[in-house]
Amino acid sequence: MENFNFYSPTFFAFGKDRELETGSLVKRFGGSKVLIHYGGGSVVRSGLLDRVKASLEKEELPYIVLGGVRPNPRSGLVYEGIELCRREKVDFILAVGGGSVIDSSKAIAAGTIYDGDFWDFYSGKRIEEALPVGTILTIAAAGSEGSPDSVITLEDGMFKRGASGDAIRPKFSILNPALTQTLPPYQTAAGITDILAHLHERYLTNTKEVEVTDRLIEGLMLTMIHEGPRVIADPDCYEARANIMWAGMMAHNNSCGVGRSQDWNSHNIEHELSAMYDCAHGAGLAVTMPAVFRYVMDHDVMRFAQLAVRVWGCQMDFAHPEKTAAAGIDALQWFLVSLGMPANFEELGAKEEDIPELVRVLCRGDGRDGTISGFVTLDEEDCTEIYKMMV
Ligand code: NZQ
Ligand code: ZN
């Protein structure tokens with residue numbers, strides 16, 4: 001295991017009706033004027049936004065509202081939010097929604113008190129300071145409610161990049177699983193896929209002797225395999241939603257990733273798909289992960305075989321461990337398809353003729369040097385082959 005720091009100071013309020021405590025939590029974490037940031041309207045239709053406003057009013061906290069965050073959140077609304085917060089002297093950003101709303105809120109929080117262009121943070125500059133952010137999560141997926149990360153799409157070029165820093169870890173996150181019961185099945189499945197992807201990106205490591213985090217990851221994967229079909233069959237099942245919601249947080253606050261190298265090639269390869277085609281991030285990952293894993297499997301067949309045996313219940317073939325490894329990847333893809341996720345470019349809405357452009361932006365965009373690195377370093381030729389495997 002490698003040396004590591006782990007700092008994860010988010011306060012979690014988990015369970016039914018916890019959004020009624022929003023006002024007191026904002027006060028507890030120092031807010032006196034709030035920007036409520038939300039998405040395309042699900043929180044208006046569900047009545048959540050009204051409950052959140054009432055909770056702030058109960059604590060006599062003034063607020064302003066900025067809706068309209070789209071999935072795969074765009075830079076344009078971030079610039080608008082930064083201007084608004086400066087003008088209105090906002091000192092607390094409250095995200096009400098999914099990963100896209102939370103990431104847009106984090107970008108506004110960092111950008112409002114920064115002299116330069118907020119995109120600097122998405123071009124490699126670490127975020128050291130930001131306004132405090134609180135979240136009320138409505139979809140278990142991205143894990144942004146417990147992560148120090150934010151992913152934004154730059155409208156000038158339509159590519160997606162991430163920024164990071166402990167300053168944008170939410171001060172508090174309210175996780176009420178009942179709020180996710182209104183999700184369409186496709187979004188529920190996309191969220192489950194993203195959670196599984198966050199676990200795989202950490203499982204694929206070049207660090208040896210990391211049994212504790214291996215076992216944590218395997219346990220969370222088994223939870224998703226158990227609860228995923230249950231929630232698709234019964235969307236109102238609170239207990240399944242609760243297990244998925246907490247697993248989603250655990251999968252991405254890095255408690256499973258400490259002390260080990262991580263991958264993130266599937267995420268990088270997928271981000272170009274959701275930037276170009278505006279598909280759900282999780283749906284893009286359902287197509288990307290099996291292709292990446294098949295392509296890089298030979299780098300460490302035994303790691304994939306271990307996953308296949310421990311998580312998918314495959315029989316170990318000691319003479320041909322590559323067969324066991326491949327069976328595990330097949331099992332993952334069948335599982336994702338059984339949840340309703342796409343299996344190829346066509347089902348995702350992607351086009352084979354765009355592969356050269358996808359590879360160019362992936363490997364050369366925004367100052368990259370022609371490769372992406374993770375479990376394995378991949379060059380433009382490798383990435384071209386991987387995208388072709390998804391067709
Ligand atoms: O916009 P509204 O109307 O709210 O609808 C949303 C949106 O259309 C809908 N939705 C959310 N909660 C709902 C609901 N509909 C009905 N009932 C509810 N309770 O679901 C749609 C998707 O929402 P979105 O926020 O985009 O989903 P998700 O949480 O999957 O976030 C995806 C974004 O997170 C980024 C992805 O790249 C993508 O841009 N990621 C962020 C990470 C991070 N910050 O740590 C890590 C991830 O790997 C990921 O890259
Ligand atoms: Zn993700």
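We number each residue from 1, following the sequence as shown. Atoms within each ligand, like the ligands themselves, are counted from 1 in listed order.
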Participant: Check contact between Arg70 and ligand 1, using heavy atoms of the residue and a distance below 4.0 angstrom.
Facilitator: no
Participant: What is the name of the N/O/S atom in Asp194 that sits closest to the Zn ion (ligand 2)?
Facilitator: OD1
Participant: Does any N, O or S atom of His252, backbone or side chain, fall under 2.8 Å from the Zn ion (ligand 2)?
Facilitator: no
Participant: At what distance is the nearest protein heavy atom to atom 24 (P) of ligand 1, and which residue and atom is it?
Facilitator: Ser100 OG, 3.5 Å
Participant: Check each heavy atom of Thr153 against ligand 1 and say whether those closer than 4.0 Å belong to the side chain, the backbone, both or neither.
Facilitator: neither
Participant: Counting heavy atoms not belonging to Glu385, are there more than 12 under 6.0 Å from its CD?
Facilitator: yes
Participant: Non-hydrogen atoms of Gln181 versus ligand 1: any pair closer than 4.0 Å?
Facilitator: no
Participant: Checking Ser32 against Asp91: is there a side-chain donor and acceptor pair closer than 3.5 Å?
Facilitator: yes
Participant: In terms of atom number and element, which parts of ligand 1 are under 4.0 angstrom from non-hydrogen atoms of Gly39?
Facilitator: 1 (O)
Participant: Determine whether more than 12 heavy atoms belonging to other residues, nucleotides or ligands lie under 6.0 Å from atom NZ of Lys125.
Facilitator: no
Participant: Among the N, O or S atoms of His198, which one sits nearest to the Zn ion (ligand 2)?
Facilitator: NE2
Participant: Taking CG in Asp156 as the centre, count heavy atoms belonging to other residues, nucleotides or ligands within less than 6.0 Å. Is the count above 12?
Facilitator: no
Participant: At the 4.0 Å heavy-atom cut-off, does His198 count as touching ligand 1?
Facilitator: yes
Participant: Looking only at protein heavy atoms, which one is nearest to atom 34 (O) of ligand 1, and how far off is it?
Facilitator: Ala142 CB, 3.6 Å
Participant: Is it the case that the side chains of Thr153 and Asn72 hold a donor-acceptor pair, with the cut-off being a distance below 3.5 Å and no angle test?
Facilitator: no
Participant: Could you tell me whether the side chain of Asn206 reaches within less than 4.5 Å of the side chain of Phe375, counting heavy atoms only?
Facilitator: yes
Participant: Considering the heavy atoms of Thr138, write down every atom of ligand 1 situated less than 4.0 Å from one of them.
Facilitator: 11 (C), 12 (N), 13 (C), 18 (C), 19 (N)
Participant: Which one holds for Asp103 and ligand 1: side chain close, backbone close, both close, or neither close, with close meaning a heavy atom under 4.0 Å?
Facilitator: side chain
Participant: To which protein heavy atom is atom 22 (C) of ligand 1 closest, and what is the distance rounded to 0.1 Å?
Facilitator: Gln187 OE1, 3.5 Å
Participant: Non-hydrogen atoms of Pro73 versus ligand 1: any pair closer than 4.0 Å?
Facilitator: yes
Participant: Pairs of nitrogen or oxygen atoms closer than 3.5 Å, one from Val151 and one from ligand 1: do any exist?
Facilitator: no
Participant: Which atoms of ligand 1 sit under 4.0 Å from any heavy atom of Ser147?
Facilitator: 43 (C), 44 (N), 45 (O)
Participant: Pairs of nitrogen or oxygen atoms closer than 3.5 Å, one from Lys106 and one from ligand 1: do any exist?
Facilitator: no
Participant: Is the number of heavy atoms from other residues, nucleotides or ligands under 6.0 Å of Glu211 CD greater than 12?
Facilitator: yes
Participant: If Ile, Leu, Val, Met, Phe, Trp and Tyr residues are connected whenever their side-chain heavy atoms lie under 4.5 Å apart, and connections chain through other members, are Ile64 and Val96 in the same group?
Facilitator: no
Participant: Taking CD in Glu2 as the centre, count heavy atoms belonging to other residues, nucleotides or ligands within less than 6.0 Å. Is the count above 12?
Facilitator: yes
Participant: Is it true that Arg303 and Asp214 have a side-chain N and a carboxylate O under 4.0 angstrom from each other?
Facilitator: yes
Participant: Give the residue and atom name of whichever protein heavy atom lies nearest to atom 5 (O) of ligand 1, and the separation in Å to one decimal.
Facilitator: Ser42 OG, 3.9 Å
Participant: Atom 2 (P) of ligand 1: which protein heavy atom is closest, and how many Å away?
Facilitator: Gly40 N, 3.4 Å
Participant: Considering distance alone, does some N or O of Thr182 sit under 3.5 Å from an N or O of ligand 1?
Facilitator: yes
Participant: Would Arg364 and Glu380 pass as an ion pair if we require N to O under 4.0 Å?
Facilitator: yes
Participant: In terms of atom number and element, which parts of ligand 1 are under 4.0 angstrom from non-hydrogen atoms of Asn72?
Facilitator: 38 (C), 39 (O)
Participant: Which of the numbered atoms in ligand 1 are under 4.0 angstrom from any heavy atom belonging to Pro71?
Facilitator: 7 (C), 8 (O), 26 (O)
Participant: Check each atom of ligand 1 against the heavy atoms of Ala141 and keep those under 4.0 Å away; list them by number with element.
Facilitator: 29 (O), 30 (O)
Participant: Any ion pair linking Lys53 and Glu57 (charged N to carboxylate O, less than 4.0 Å)?
Facilitator: no
Participant: Examine ligand 1 and decide if any of its atoms is less than 4.0 Å from a heavy atom belonging to Gly41.
Facilitator: yes
Participant: Between Thr207 and Gly259, what is the shortest heavy-atom contact and its length?
Facilitator: CG2-O, 3.6 Å
Participant: His271 heavy atoms, cut-off 4.0 Å: which ligand 1 atoms fall inside?
Facilitator: 37 (O), 50 (O)
Participant: Is Leu183 near ligand 1, meaning one of its heavy atoms is under 4.0 Å from it?
Facilitator: yes
Participant: Crowded around Phe318 CZ? As in, over 12 foreign heavy atoms under 6.0 Å?
Facilitator: no
Participant: Please give me the minimum heavy-atom distance between Ala142 and His198, naming the atom from each residue.
Facilitator: O-CE1, 3.1 Å
Participant: Mark yes when over 12 heavy atoms from residues, nucleotides or ligands other than Glu346 sit less than 6.0 Å from its CD; otherwise mark no.
Facilitator: no
Participant: Distance alone, cut at 3.5 Å: any donor-acceptor contact between the side chains of Thr377 and Asp379?
Facilitator: no
Participant: Below 2.8 Å, any N, O or S contact between Glu270 and the Zn ion (ligand 2)?
Facilitator: no
Participant: Does the protein put a heavy atom under 4.0 Å from atom 38 (C) of ligand 1?
Facilitator: yes
Participant: Any atoms of ligand 1 less than 4.0 Å from a non-hydrogen atom of Lys160? List them with their elements.
Facilitator: 36 (C), 37 (O), 38 (C), 39 (O)
Participant: Does Arg294 come within less than 4.0 Å of Asp330, counting only side-chain N to carboxylate O?
Facilitator: yes
Participant: Identify the protein heavy atom lying closest to atom 29 (O) of ligand 1, giving its residue, its atom name and the separation to 0.1 Å.
Facilitator: Gly99 N, 2.7 Å
Participant: So which protein heavy atom does atom 49 (C) of ligand 1 come closest to, and at what separation?
Facilitator: His281 NE2, 3.4 Å
